[in-house]
Student: 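The structure follows.
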Amino acid sequence: MASEMELIFNQDCHLTECMRLRVKSLEQKSQRPQDGEKLLLPNEYVYRLDFSEQQLKFLRWNINLNAIGKIIITGTSQHYTPDLTNLMTRQLLDPSGIFWKTEEGGEVDHYEADTQEFGERIADLARIRKVMYFLVTFQGDITPDDINCSIIFKV
C-alpha cells in the first residue's frame with residue numbers, strides 16, 4: 001500500500017553563507033565571476049531537500065506564505081561542495097516553481113503546469129540522489145521567516 005511522504009524545504013545557512021562569501025571575495029579583489037557562474041543575490045537563499053526514500057511519485061506542493069510577495073524555487077543539478085565548486089547557470093533546472101500571494105489572508109497561487117513538471121522532475125532526481133539543493137528567490141515583502149514550504153510524494 002502506497003503512503004504519502006512530506007519533505008520540508010530546509011534552509012541551508014552554511015551553504016548560503018559560503019556562496020555569499022564568494023560574492024564578497026570577488027568584490028574585494030575586484031575580480032569578475034567565471035563565465036556562466038551564478039552568484040547568489042541578496043534576496044536568494046539556498047534550501048535543500050533530504051530524500052529518505054528514493055522511489056517517489058510527485059503529488060502536490062504545500063506552500064504557505066505569511067506575507068504578500070512571490071517566491072521562485074529553482075532546482076540545481078549540482079552535487080556541490082561549495083568550497084571547491086562554483087554554481088554555474090547551466091546547472092539551474094527549468095522550469096522553476098513560482099508561488100505568490102497578492103493580498104493579506106489570500107490564497108497562494110502558482111503556475112500549475114510548471115509546478116507540476118517541476119515536482120515530477122524532483123521525484124525523478126530523487127531516484128539518484130539523497131539530497132537536492134534549491135535557490136529560493138524572495139520578492140516583495142516575503143523573507144525566509146515568512147514561508148513554510150514542502151512537497152508531498154507518494155512512496
Side-chain angles (χ1 to χ4, degrees), residues 4-28 30-51 56-80 82 85-126 129 131-154:
E4 289 185 4
M5 179 173 67
E6 182 174 18
L7 295 179
I8 296 169
F9 284 80
N10 294 303
Q11 188 176 349
D12 190 323
C13 296
H14 174 72
L15 189 50
T16 299
E17 185 58 27
C18 286
M19 292 181 75
R20 293 208 194 290
L21 289 173
R22 170 74 177 151
V23 174
K24 285 181 188 173
S25 173
L26 289 173
E27 288 172 353
Q28 288 172 347
S30 298
Q31 293 180 334
R32 295 175 44 87
Q34 296 177 26
D35 282 345
E37 183 177 357
K38 168 65 175 131
L39 296 178
L40 201 63
L41 299 173
N43 64 332
E44 293 177 323
Y45 295 80
V46 178
Y47 281 71
R48 65 185 278 163
L49 279 182
D50 294 287
F51 301 106
L56 303 173
K57 180 176 181 350
F58 170 74
L59 291 178
R60 65 188 173 278
W61 291 88
N62 185 17
I63 307 289
N64 294 306
L65 305 178
N66 297 327
I68 294 171
K70 178 181 356 183
I71 62 168
I72 303 168
I73 303 172
T74 306
T76 70
S77 65
Q78 186 175 22
H79 293 282
Y80 35 131
T85 310
N86 301 324
L87 179 62
M88 306 305 280
T89 52
R90 64 178 154 62
Q91 296 166 323
L92 300 177
L93 303 177
D94 281 325
S96 294
I98 302 173
F99 303 89
W100 66 91
K101 187 173 176 180
T102 56
E103 61 183 60
E104 212 48 59
E107 300 260 332
V108 173
D109 207 351
H110 62 283
Y111 297 118
E112 192 168 338
D114 286 350
T115 54
Q116 178 72 29
E117 182 180 340
F118 187 35
E120 290 170 359
R121 185 136 191 216
I122 292 169
D124 286 343
L125 287 168
R129 295 193 180 178
V131 176
M132 188 170 171
Y133 293 94
F134 300 84
L135 292 182
V136 179
T137 306
F138 294 87
Q139 297 176 349
D141 295 335
I142 296 179
T143 67
D145 294 334
D146 295 319
I147 70 165
N148 292 312
C149 184
S150 63
I151 189 168
I152 300 169
F153 297 99
K154 183 166 69 172

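Quick caveat: nothing in here was measured; it's all calculated off a predicted structure.
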Student: Roughly how far, to the nearest 0.5 Å, is NZ of K24 from CG of L40?
Tutor: 11.5 Å

Student: Hey, does the side chain of T89 reach the backbone of G36 with a donor-acceptor pair shorter than 3.5 angstrom?
Tutor: yes

Student: Within a strict 4.5 Å, meaning less than it, do heavy atoms of the I142 and K70 side chains meet?
Tutor: no

Student: Is there side-chain contact between N62 and N148, with at least one heavy-atom pair below 4.5 Å?
Tutor: no

Student: Enter the distance from E103:CD to K101:NZ here, rounded to the nearest 0.5 Å.
Tutor: 9.0 Å

Student: Keeping the roles fixed (side chain from S25, backbone from L21), state whether a donor-acceptor pair exists under 3.5 Å.
Tutor: no

Student: Compare every heavy atom of L15 with every heavy atom of D12, then report the nearest pair and how far apart it is.
Tutor: OD1-N, 2.9 Å

Student: Between L26 and R32, which heavy-atom pair has the shortest distance, and what is it?
Tutor: CD2-O, 3.8 Å

Student: Partners of Y45 by ring-ring contact (aromatic ring centres under 6.0 Å, His included), sequence neighbours excluded?
Tutor: F138

Student: Dump the intermediate steps for side chain to side chain contact (heavy atoms under 4.5 Å, CB included) on R22 and E37, then the final yes or no.
Tutor: CA-CA 11 Å; R22 170 74 177 151; E37 183 177 357; 2.8 Å; yes

Student: To the nearest 0.5 Å, tell me how far E120 CD sits from K57 NZ.
Tutor: 6.5 Å

Student: Would you mind reporting whether I122 and F134 have side-chain heavy atoms less than 4.5 Å apart?
Tutor: yes

Student: Can you give me the closest heavy-atom contact between G119 and F153, atom names plus distance?
Tutor: O-CE2, 4.1 Å

Student: Answer whether the closest heavy-atom distance between the side chains of R60 and I63 falls below 4.5 Å.
Tutor: no

Student: Once you round to the nearest 0.5 Å, how far does CD1 of I8 lie from OG of S150?
Tutor: 6.0 Å

Student: For a quick test of reading the model, state the closest non-hydrogen atom pair linking I72 to S96 and the distance between them.
Tutor: CG2-CB, 3.8 Å

Student: Measuring from E104:CD to N66:CG, what's the distance to the nearest 0.5 Å?
Tutor: 8.5 Å

Student: Is it the case that atom CD in Q31 sees more than 12 heavy atoms from other parts of the structure closer than 6.0 Å?
Tutor: yes

Student: So, do L87 and L135 sit near enough that their side-chain heavy atoms are less than 4.5 Å apart?
Tutor: yes

Student: Find out whether K38 and Q91 are in side-chain contact, i.e. whether some heavy atom of one side chain is under 4.5 Å from a heavy atom of the other.
Tutor: no

Student: How close do M5 and L56 get, counting heavy atoms only, and between which atoms?
Tutor: CE-CD2, 3.3 Å

Student: Is any side-chain heavy atom of S77 closer than 4.5 Å to one of R129?
Tutor: yes

Student: Side-chain contact, heavy-atom cut-off 4.5 Å: M132 with L93?
Tutor: yes

Student: Identify which one of F99, W61, F58 satisfies the ring pair (Phe, Tyr, Trp, His ring centres under 6.0 Å) criterion when paired with F118.
Tutor: W61

Student: Could you grab the distance from atom NE2 of H110 to atom CD1 of I73, nearest 0.5 Å is fine?
Tutor: 11.0 Å

